[in-house]
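Along the sequence shown, residues are numbered consecutively beginning with 1.
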Amino acid sequence: MFARLIYESFRRQQRRKLLAGVAITLGVSVATAMIAVATDIGDKINRELRTYGANLVVYPDQKNLDVVIGGVNLKPAGGDTYLDEADLPKIKGMFWRHNIVSFAPVLAVNTTVTRVSDPGSPVEDPSHTDPSHTVQLLGTYFAKQLKYGEETFTAGARSMYPYWKVNGAWPADDSQDALVGEALARELGVQPGSELNLGGHTLKVSGILSTGGNEDSQVIAPLDIAQAMVGHPGAVGRVYVSALTKPEDDFGRRDPRSLSPADYDRWYCSPYANSIAFQLQEAIPHSRAEQIRQVAQNEGTVLSRIKGLMLLVTLAALLASALAVSAAMATAIFERRGEVGLMKALGAHNGLVASMFFTEAALLALIGGAIGYAIGNLLAQRIGLWIFNSRIAIQPVLFPVVLAIAVIVTFAGSAASIRKAMKFDPVLVLRGDA
């Protein structure tokens, strides 16, 4: 009999049940999509932010302070100590090596520049010849093939800074070519194909670089050219590293020397910026590594705010769904007040009446939740393709979670109406006075 009452309720109130089911489906669809994206968004946003440069820097242990004014390093060259270029492949031997997106060594050299010639014009323009003009040359990798053990990988500025715009061609790492920042190129009057004399080394301008940063006033050349200028083969001043990290919390900021063995293992095996920096120090001898704190903090802030926004959207969708269910259930129960009065007159207690309506609500929640999960899954995939150009990984455990959310929302929306049905006076209802 109980099952027949439920069946007849769905058969006779199809429009009411459909309205409540649609409300549940829409709310659960949005909730499913937001939860799926939020649980998979951390790594994707991290990868997107990694296209904007490094978040870690490695430098020699004895190198305490650089004097940098206007992007030019004014520290005397003789006072520098260096990292060994031969140690750089060891970065791929550390615990979190798969989180290293790319890295680029840098060796800065202050030198003078003289324009030699323009392409097709053997006559030097004396108006652009200024032997006393001081610039900073940055030696780096562009797309250097390196090997660690059996693994071969590419490191350098092209993968570290994909936002760099080059008018012309990128230099090869074994060439005598260089990039000239667009501000410096205007000042010197050079273009792709021009030749420059930098500290006795003649370099061909392969392209004009535009970054919006200090590089617009610098010359970017292969690392071995900078090493020849300072007279230290294999020398590296700094290594900028782009790594996927998790947002820093209080535990991530703790000093590893103060941790117990168990906490140390947990800290070491978590991809905090500090723990990856610690492992970089272990991999590269005589080095210190630090996070570029402003970058790391901004990444954590962006991720937290996006997840917060998704949470608000989810709560708003579920609240709207609960209100719609409440309105539909209130109307449905009001139309069935005669049925409720008759049941009570025949001896049905409040628990039976409530269980009947809650069973109907649970069935609606399960059906609407299952359909909403499927729609939300598709919506999450579209969001992933639109924003991140990749698919969202849906965890199987999300399905029972979504069904539980659907049941809770439906019960919350139905509770007030069901409570009112339990208070119906059968005498007044059957007389038509209520």
Side-chain angles (χ1 to χ4, degrees), residues 46-61 63-66 68 71-73 75 80-92 94 96-97 99-109 136-144 146 148 153-164 166 170-171 173 179 181 209 211-227 234-245 271-299:
N46 231 325
R47 288 190 180 275
E48 287 291 320
L49 293 173
R50 292 283 44 80
T51 64
Y52 295 97
N55 55 349
L56 297 167
V57 60
V58 187
Y59 53 89
D61 192 23
K63 189 171 183 176
N64 298 317
L65 179 65
D66 284 344
V68 179
V72 178
N73 192 327
K75 185 172 181 178
D80 281 339
T81 54
Y82 301 104
L83 299 173
D84 189 347
E85 183 183 1
D87 292 325
L88 300 188
K90 297 177 182 177
I91 291 175
K92 283 296 184 177
M94 53 184 278
W96 284 110
R97 58 188 176 277
N99 279 45
I100 304 298
V101 176
S102 186
F103 64 86
V106 170
L107 180 60
V109 183
Q136 186 174 66
L137 180 139
L138 294 183
T140 188
Y141 292 162
F142 293 103
K144 183 86 167 181
L146 300 174
Y148 181 80
F153 58 96
T154 302
R158 297 191 68 169
S159 56
M160 272 283 296
Y161 308 107
Y163 64 92
W164 280 13
V166 175
W170 285 84
D173 285 292
L179 298 177
L209 176 64
T211 69
N214 292 330
E215 294 85 3
D216 287 354
S217 299
Q218 297 169 335
V219 177
I220 317 297
L223 181 61
D224 58 356
I225 293 176
Q227 292 168 344
V236 172
R238 288 173 179 258
V239 182
Y240 288 95
V241 180
S242 179
L244 298 175
T245 61
Y272 294 116
N274 283 339
S275 60
I276 294 179
F278 184 81
Q279 292 170 33
L280 287 169
Q281 291 181 185
E282 292 181 325
I284 302 177
H286 311 298
S287 69
R288 292 192 63 184
E290 295 177 355
Q291 61 173 309
I292 303 175
R293 189 160 295 277
Q294 184 177 4
V295 174
Q297 288 177 342
N298 287 342
E299 289 176 2

Original post:
Where do P60 and G237 come nearest, in terms of heavy atoms and distance?
Top reply: CD-O, 3.1 Å
Subject >> CG-CD distance between L138 and Q218, expressed to the nearest 0.5 angstrom >> reply: 4.0 Å
Subject >> Gap separating the OH atom of Y59 from the CG atom of L83, nearest 0.5 angstrom >> reply: 10.5 Å
Original post:
Would you say L244 and P271 make side-chain contact, with heavy atoms under 4.5 Å?
Top reply: no
Original post:
Say you draw a straight line from CG of L179 to CZ of F142; how long is it, rounded to the nearest 0.5 Å?
Top reply: 4.5 Å
Original post:
Heavy-atom distance under 4.5 Å between the side chains of V57 and Y240, does that happen here?
Top reply: yes
Subject >> side chain to side chain contact (heavy atoms under 4.5 Å, CB included) partners for Q281, two or more places apart >> reply: S287, R288, A289
Subject >> K90 versus A283, closest heavy-atom pair with distance >> reply: CD-O, 3.4 Å
**OP:** Run through V58, V101, N99 and flag the one making a side-chain contact (heavy atoms from CB on, under 4.5 Å) with V241.
**Re:** V58
Original post:
Say you draw a straight line from NZ of K92 to CZ of R97; how long is it, rounded to the nearest 0.5 Å?
Top reply: 9.0 Å
Original post:
Side chains of I276 and M94: closer than 4.5 Å at any heavy-atom pair?
Top reply: yes
**OP:** Might you point out which heavy atoms bring A143 and R158 nearest each other, and give the distance in Å?
**Re:** CB-CD, 4.1 Å
**OP:** Of all the heavy-atom pairs spanning S159 and S102, show the shortest one and how long it is.
**Re:** OG-OG, 2.6 Å
Original post:
Do you know which two heavy atoms are closest between G139 and L223, and how far apart they sit?
Top reply: O-CD1, 3.6 Å
Original post:
Checking side-chain contact (heavy atoms from CB on, under 4.5 Å) for the pair L107/V236: CA distance, chi angles, key distance, verdict?
Top reply: CA-CA 5 Å; L107 180 60; V236 172; 5.8 Å; no
**OP:** Indicate the atoms forming the closest heavy-atom contact of D173 with P222, along with that distance.
**Re:** O-CB, 3.5 Å
**OP:** Measure the CG-CD distance between L146 and E85 for me, rounded to the nearest 0.5 Å.
**Re:** 8.0 Å
Original post:
W170 vs W164 aromatic rings, parallel, tilted or perpendicular, using cut-offs 30° and 60°?
Top reply: parallel
**OP:** Mind checking the CD1-CD spacing from I284 to Q279? Nearest 0.5 Å is all I need.
**Re:** 12.0 Å
Original post:
Does the Q227 side chain pair with the main chain of A235, one donor and one acceptor, at a distance under 3.5 Å?
Top reply: yes
Original post:
So do T245 and W96 actually touch side chain to side chain, heavy atoms under 4.5 Å?
Top reply: no
**OP:** Please tell me if the side chains of L56 and F103 come closer than 4.5 Å, counting only heavy atoms from C-beta onward.
**Re:** no
